[in-house]
2 protein chains.
Amino acid sequence: MSNIRDVAREAGVSVATVSRALSDPDKVSQTSLNKVHSAIDKVGYRPNMLARSFRSAKSYAVVVLVPDITNPFFSQVIRSIEDRAQQKGYAVLLGDTRGVPEREKEYIRRVETRLADGVIQLRPDDPNRRFEMPADIACVNVCGCESTSGPRVRIDNRGSARSVVDYLISLGHRRIGVISGLKDNPHTVDRLAGYLESLEAAGIEFDKSLVAEGDFTTWSGLNSAKQFCAMPDKPTAIFCMNDEMAIGAIQTLKQHGIRVPEDISVTGFDDISYARYCDPSLTTVTQPAEEMGKLAMDMLLRLIEGEDLAQEENVLPAEFVIRKSTAIPRKD
Amino acid sequence: MSNIRDVAREAGVSVATVSRALSDPDKVSQTSLNKVHSAIDKVGYRPNMLARSFRSAKSYAVVVLVPDITNPFFSQVIRSIEDRAQQKGYAVLLGDTRGVPEREKEYIRRVETRLADGVIQLRPDDPNRRFEMPADIACVNVCGCESTSGPRVRIDNRGSARSVVDYLISLGHRRIGVISGLKDNPHTVDRLAGYLESLEAAGIEFDKSLVAEGDFTTWSGLNSAKQFCAMPDKPTAIFCMNDEMAIGAIQTLKQHGIRVPEDISVTGFDDISYARYCDPSLTTVTQPAEEMGKLAMDMLLRLIEGEDLAQEENVLPAEFVIRKSTAIPRKD
DNA sequence: TTGTATGCGTTATCAG
DNA sequence: CTGATAACGCATACAA
């Protein structure tokens, strides 16, 4: 564990010269540069970045807060964030909160105590609502919704939901079920608004009994679908607020001998990779995960640099993709 | 940004007392303790962990190296690692290498430069083979294989593969195809060994044409299966070396009008969450992802503490689970 | 271009 | 139990 002094001694120069040779080589003569580099090789020197960070009061790390890393959509976004961070010389501290506020605080504390320079939040919630995010912390929200405040990047959830339901209506569906996320989840709110807009535009009356509440897990999609299967007057299509719930719902429908899409159409949201490989492949909304992560990281970097992004919002385009899980309603 | 001196001044004690009050309260009188704590509240003090890390020459961070975070099996393991790390006061630096040695080196460098105290590698490769892992770096390998060296936690890939193939044979299958990972991938080697063992035990001759090489992606499973579809004498079962390839293979079979499992049985490996929800649900091998991550983190911690785990190996039990993608072979 | 000297915030040593 | 002070490794202002 040699340090900068060992190098200086070996090279026969001062520590300042070694330091400069490393961080600002232009300010050092070629001869010194050579001496320094061979000395570095000789003593096996590795700069202590901890000391460097301490000295410069920057950790060159950001924490990424995510409710669940095993969610394939989130992990795609995170991969993109990591990629960008690495390019920019930043490290990514993984903060899988599992929705536990205590764990979130723990990670926020890491930036308060200088172990990270900022935070990227992958959650729909307003960062200021569920717990106190100190105002002086650099934070950008990704995958948020209309009510999210602060710097953020998201898609138009309402508009995308509307595209989906508009399409179902155009196929001839009039009774369209919904498997939503938890009621107070902002994504649920935005996507439900799109659903309602679409219904209203088509002059279809809203039927409350057609909304089943899930929680974005496959398991909840599986269960929520049962409630539709039990109805005498089943919906002819089900709009699921994410792909996992759609996959769960399809599973249940099949078990009840209901064919998708011949008997009931099903749609998802997110376009996780399995959406393309399940049977039938899912009609869904592709979120630009890659782009969202990259953009979020870039925004955070600007924030860390001191730029004021106050309420900068980036709404990225999402793409509605039609696959095999939707069809015209069956005529009985 | 107040520091320990501000607190000391405010509390009317020395910095040493403040430091002790925080790290070793037993050594401080109750009066001092009170003064310190109210001073901390008053000036809004947050200890600078960067300084603390620097001083103690420990970063309290570990890097997790993973080829692809979006792989659901890996993300499960990582979630478990993160959980354990958080419990122990460690941060997890996410290193998604995408298999690029350059990126791996970048992360290894982070521990050489003291930004992390150790590494957990999620890759089958021998950590010493593909690039030079400095010997003095605390590193444990998880999800490795028989040829992996150094501290490691893994399952018995060969034995598990054998369970799968034994089962297929017990159903009456004699022509059993394989969709493998890349030939030189150690997982491929171990699992293929299990396959061969099983065949030999049953007196079935190995037919080289029944092995299709994939690369563990759904896409490759999709393509490899085509080669079986084109065969006049198709296998009656296909042993896929992971679930994604099995899912891809099933997709292809269906497109060719081949029913699973009635016409051809398919098995996977890993038991990612979609294995349970795809159609038909996958017969596969459940890796104890949770336990593997936790154990790997614990081993790394011991390594960091200076313990010598040299060649400690933990082989965890994997469970063979039978679902709907396997059946007795069709009699023609 | 180079060297000297100082300080970053904390912990630990050593006297009191 | 407490306080003064010396490190930790590096970057930089200032002087040469």
Side-chain angles (χ1 to χ4, degrees), chain A residues 1-40 43-61 89 109-117, chain B residues 1-40 42-61 89 91 109-117:
Chain A
M1 296 293 184
S2 53
N3 60 26
I4 200 170
R5 260 187 306 271
D6 300 326
V7 177
R9 191 180 317 116
E10 181 65 33
V13 299
S14 73
V15 292
T17 301
V18 177
S19 177
R20 279 189 286 253
L22 260 35
S23 56
D24 201 355
D26 299 337
K27 292 197 176 304
V28 175
S29 71
Q30 194 56 49
T31 18
S32 293
L33 224 47
N34 294 338
K35 284 192 285 185
V36 167
H37 280 130
S38 54
I40 285 178
V43 304
Y45 171 68
R46 289 273 179 265
N48 182 334
M49 301 296 271
L50 225 41
R52 188 176 289 183
S53 285
F54 163 58
R55 162 71 214 220
S56 59
K58 284 197 58 179
S59 65
Y60 292 98
R109 202 177 165 75
R110 283 202 134 78
V111 4
E112 292 180 323
T113 58
R114 325 292 203 291
L115 285 180
D117 298 334
Chain B
M1 296 291 185
S2 52
N3 61 25
I4 201 170
R5 262 188 304 272
D6 299 327
V7 177
R9 193 181 317 117
E10 181 65 33
V13 299
S14 73
V15 292
T17 301
V18 177
S19 177
R20 278 189 287 253
L22 260 34
S23 56
D24 201 356
D26 298 337
K27 293 196 176 303
V28 176
S29 72
Q30 195 55 50
T31 17
S32 293
L33 223 47
N34 293 338
K35 285 192 285 185
V36 167
H37 280 129
S38 54
I40 285 177
K42 186 160 179 192
V43 305
Y45 171 69
R46 289 273 180 266
N48 183 332
M49 301 295 271
L50 225 42
R52 186 175 292 181
S53 285
F54 163 57
R55 166 67 218 216
S56 60
K58 283 198 58 180
S59 64
Y60 292 99
R109 202 177 166 74
R110 283 201 133 77
V111 3
E112 292 180 323
T113 58
R114 327 290 204 290
L115 286 180
D117 298 332

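Lettering of chains follows the sequences in order, A, B, ..., and the numbering in each one begins at 1. Computed from heavy atoms alone, side chains included, the values below leave out hydrogens, waters and symmetry copies.
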Under 4.0 Å between a side-chain N or O of Thr17(A) and OP1 or OP2 of dG3(C)? yes
If you look at every strand shown and take non-hydrogen atoms under 4.0 Å, does Val28(B) touch a base, only sugar-phosphate, or nothing? sugar-phosphate
Drop me the distance from Arg55(B)'s CZ to Asn48(B)'s CG, to the nearest 0.5 angstrom. 14.0 Å
Hey, does Ser56(A) reach any base, or is it just sugar-phosphate, or nothing, if we go heavy atoms under 4.0 Å? nothing
Integer-rounded Å distance: dC10(D) C1' and Arg114(B) CZ: 12 Å
Base, sugar-phosphate alone, or nothing: which one does Ser23(B) contact when heavy atoms must sit under 4.0 Å apart? nothing
For nucleotides 13-16 of chain D, list the nitrogen or oxygen atoms of the protein found under 3.5 Å from its nitrogen or oxygen atoms, one pair per line.
none

Closest-nucleotide 5' rank along DNA chain C - winner of Asp26(A) and Val15(A): Asp26(A)
Ser19(A) side chain near dC10(D) phosphate (N/O to OP1/OP2, under 4.0 Å): no
Whole-Å distance between dC8(D) C1' and Arg52(A) CZ? 16 Å
Roughly what angle, to 10°, lies between the helix axis at the start of the helix from dT1(C)-dA16(D) to dG16(C)-dC1(D) and the one at its end, five pairs per end? 40°
Any protein N or O atoms within reach of nucleotides 6-8 of chain C? Criterion: under 3.5 Å, listing atom names and distances.
{"residue": "dG7(C)", "atom": "N2", "partner": "Arg55(A)", "partner atom": "NH1", "Å": "2.5"}

Spacing of Leu22(A) atom CG relative to dG9(D) atom P, expressed in whole Å: 16 Å
All N/O donor-acceptor pairs, side-chain side in residues 6-13 of chain A, below 3.5 Å, sequence neighbours left out:
{"residue": "Asp6(A)", "atom": "OD1", "partner": "Arg9(A)", "partner atom": "NH1", "Å": "3.4"}
{"residue": "Asp6(A)", "atom": "OD2", "partner": "Asn3(A)", "partner atom": "N", "Å": "2.9"}
{"residue": "Glu10(A)", "atom": "OE2", "partner": "Lys42(A)", "partner atom": "NZ", "Å": "3.0"}

Could you check how far CG of Asp24(A) sits from P of dC10(D), rounded to whole Å? 17 Å
Ignoring hydrogens and angles, write down the donor-acceptor pairs under 3.5 Å from the side chains of residues 15-28 of chain A, residues two or more places apart or on other chains.
{"residue": "Thr17(A)", "atom": "OG1", "partner": "Ser14(A)", "partner atom": "OG", "Å": "3.2"}
{"residue": "Ser23(A)", "atom": "OG", "partner": "Ser19(A)", "partner atom": "O", "Å": "3.0"}

Would you say Ser32(A) places a side-chain N or O within less than 4.0 Å of OP1 or OP2 belonging to dT1(C)? no
Residues in side-chain contact (heavy atoms from CB on, under 4.5 Å) contact with Ser38(B), at least two apart in sequence or another chain: none
